[in-house]
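Numbers restart at 1 for each chain; the letters A, B, ... are given by sequence-line order, proteins then strands. The figures that follow rest on heavy atoms only: side chains count, while hydrogens, waters and symmetry mates do not.
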Protein chains: 2
Amino acid sequence: MNRFLSNATNRIDAKGRVSVPSAFRSVLSQRDIRELYCFQDFLFPAISVGGLDLLDRFERQIASEDVLSPQANRMSLLVHGGGVFMKLDSEGRLPVTDFIRDYTGITAEVTFVGRADHFQLWAPQTFLATQAAAREEFRTRGLGLG
Amino acid sequence: MNRFLSNATNRIDAKGRVSVPSAFRSVLSQRDIRELYCFQDFLFPAISVGGLDLLDRFERQIASEDVLSPQANRMSLLVHGGGVFMKLDSEGRLPVTDFIRDYTGITAEVTFVGRADHFQLWAPQTFLATQAAAREEFRTRGLGLG
DNA sequence: TGGGATATCATGGGACCATATGGGCGTCAA
DNA sequence: TTGACGCCCATATGGTCCCATGATATCCCA
């Protein structure tokens, strides 16, 4: 497996740590991702986690803009300034900081959700609800992306 | 790490000093930046800090403009004339001068914000509010620039 | 097919270390 | 002389490492 797929829910311990699922850890080591970069999803209350290559798309766009461009400035503020580094401990756990809790509503448990080139942290019930809502959306409006 | 990323908030002590986050200090030494050049951000109430190479992009743009361009004239006035030099002490702290306080509204705490090739000083609550506003902007209008 | 052995993984907690922070002292300049 | 600044050390808080325990799935063999 070389992509982040499926989901799993783990408990946060008394020290505020949570184990990253083994399957995700093996993808991380396979891609040689040692420093995790995390930032808020632009749409959902979830934290995206992956390597620094996640920034590439944004940085290409920023670099192509005028030095004084407010849009480029705002984007850099979010993706460069709004991200957080996380390191797994030797057991493969990551600390669940307020940065994560505040944006996701996570309290006692974390749902890890695969997103192919990265994975996300969700509050379990929010994940279920959002997934159901998305399914309902497709059911009524169809798959059209417009 | 060779870029300024993420953010951190530190307290100003009784002598008006604040510790630059360890991660940012290591980027500075890695880039062999000893004298910090600081100037006001063009859009936000924040101070930009970095090496003199920060001026490169501005100077390229100024050079490409007409000699009589009011835009280039203004940019030089701000970037060349409006900057100040700062030095870290042996512990990696920098003095928070009135130059910084007046433009940013910083009082008791400083939020250091990574911007890839430089970092910025923000008043914590201003940073949070501005970031939230920028995110909302992208959420409603999309990521398209221009 | 079932039951026990074993490996893998999540969880819990103690010890240690890096870093932010606070404050003392000497030096230099206004 | 006084105040600002640079240099030094002392301390605490939080993060990281290390080892132990418990749970669950997998395998192997009878």
Side-chain angles (χ1 to χ4, degrees), chain A residues 1 4-30 33-38 47 49 83-102 106-114 119 121-124, chain B residues 1 4-30 33-38 49 84-102 106-114 119-124 127:
Chain A
M1 184 63 52
F4 298 100
L5 294 173
S6 187
N7 66 86
T9 301
N10 286 339
R11 199 176 321 154
I12 300 175
D13 69 16
K15 292 171 92 172
R17 306 168 300 186
V18 65
S19 292
V20 173
S22 167
F24 286 4
R25 293 208 305 267
S26 72
V27 176
L28 287 175
S29 69
Q30 205 168 325
I33 299 176
R34 296 167 177 271
E35 279 190 316
L36 300 177
Y37 195 68
C38 316
I47 300 292
V49 182
V84 159
F85 282 102
M86 308 233 53
K87 246 174 61 184
L88 301 187
D89 67 13
S90 50
E91 257 60 45
R93 292 175 285 197
L94 65 84
V96 183
T97 61
D98 285 343
F99 169 78
I100 295 173
R101 295 177 192 266
D102 292 346
I106 286 171
T107 56
E109 288 188 327
V110 180
T111 295
F112 295 80
V113 180
F119 64 89
L121 312 180
W122 287 73
Chain B
M1 184 57 48
F4 298 100
L5 293 172
S6 189
N7 66 85
T9 301
N10 287 339
R11 200 174 320 158
I12 300 175
D13 68 16
K15 295 167 95 171
R17 307 167 299 184
V18 66
S19 292
V20 174
S22 167
F24 286 5
R25 294 206 306 268
S26 71
V27 176
L28 287 175
S29 69
Q30 205 169 324
I33 300 175
R34 295 164 180 274
E35 275 192 319
L36 301 176
Y37 193 68
C38 315
V49 182
V84 301
F85 285 100
M86 307 229 56
K87 243 174 62 185
L88 300 187
D89 69 11
S90 52
E91 313 294 313
R93 291 178 281 199
L94 66 83
V96 183
T97 61
D98 284 344
F99 169 78
I100 294 172
R101 295 179 192 266
D102 292 346
I106 286 171
T107 56
E109 289 187 327
V110 180
T111 296
F112 294 81
V113 180
F119 64 89
Q120 293 187 319
L121 313 180
W122 286 72
F127 171 61

Taking the side chain as every heavy atom from C-beta outward, state whether A:Val20 and A:Val49 have any pair of such atoms under 4.5 Å apart.
no

I'd like to know if the side chain of B:Thr111 reaches the main chain of B:Ala123, judged simply by a donor and an acceptor atom lying under 3.5 Å from each other, with no hydrogens or angles considered.
no

Could you check which residues of residues 19-28 of chain B get a heavy atom under 4.0 Å from DNA chain D? Sort them by number, please.
none

Nucleotide of C:dG12, C:dG23, D:dT16 approaching A:Pro95 most closely (side-chain heavy atoms)
D:dT16

Whole angstroms only, please: what is the CG-C1' distance between B:Asp89 and C:dT19?
14 Å

Which nucleotide, D:dC8, D:dT16, C:dG12, lies nearest any side-chain atom of A:Lys87?
D:dT16

Rounding to a whole Å, what distance do you find between A:Asn10:CG and D:dG22:P?
19 Å

Parallel under 30°, tilted from 30 to 60°, perpendicular over 60°: which one fits the rings of B:Phe119 and B:Phe4?
tilted

What do the steps show when you test A:Val84 against A:Thr97 for side-chain contact (heavy atoms from CB on, under 4.5 Å), and what is the final call?
CA-CA 10 Å; A:Val84 159; A:Thr97 61; 5.5 Å; no

Any donor-acceptor pair under 3.5 Å from B:Arg11 side chain to B:Ala108 backbone
no

note: A:Phe112, atom CZ; C:dA10, atom P; distance rounded to Å ~ 9 Å

Provide, to the nearest angstrom, the distance between the CG atom belonging to B:Leu94 and the P atom belonging to D:dG6.
11 Å

So, using salt bridge (Lys or Arg N to Asp or Glu O under 4.0 Å) as the criterion, who are the partners of B:Asp13 when residues are at least two apart?
B:Arg17, B:Arg93

Which whole-number value in Å describes the distance from B:Arg11 CZ to C:dT19 P?
18 Å

Do the side chain of A:Asn10 and the main chain of A:Ser19 share a donor and acceptor less than 3.5 angstrom apart?
yes

In whole angstroms, the gap separating P of D:dT16 from CZ of A:Arg93 amounts to 12 Å

Under 4.0 angstrom between A:Arg17 side-chain N/O and D:dT16 OP1 or OP2:
no

Gap between atoms NZ and P, on A:Lys15 and C:dG12 respectively (whole Å):
11 Å

Taken to the nearest whole Å, CD/A:Glu91 to P/D:dC18 is 9 Å

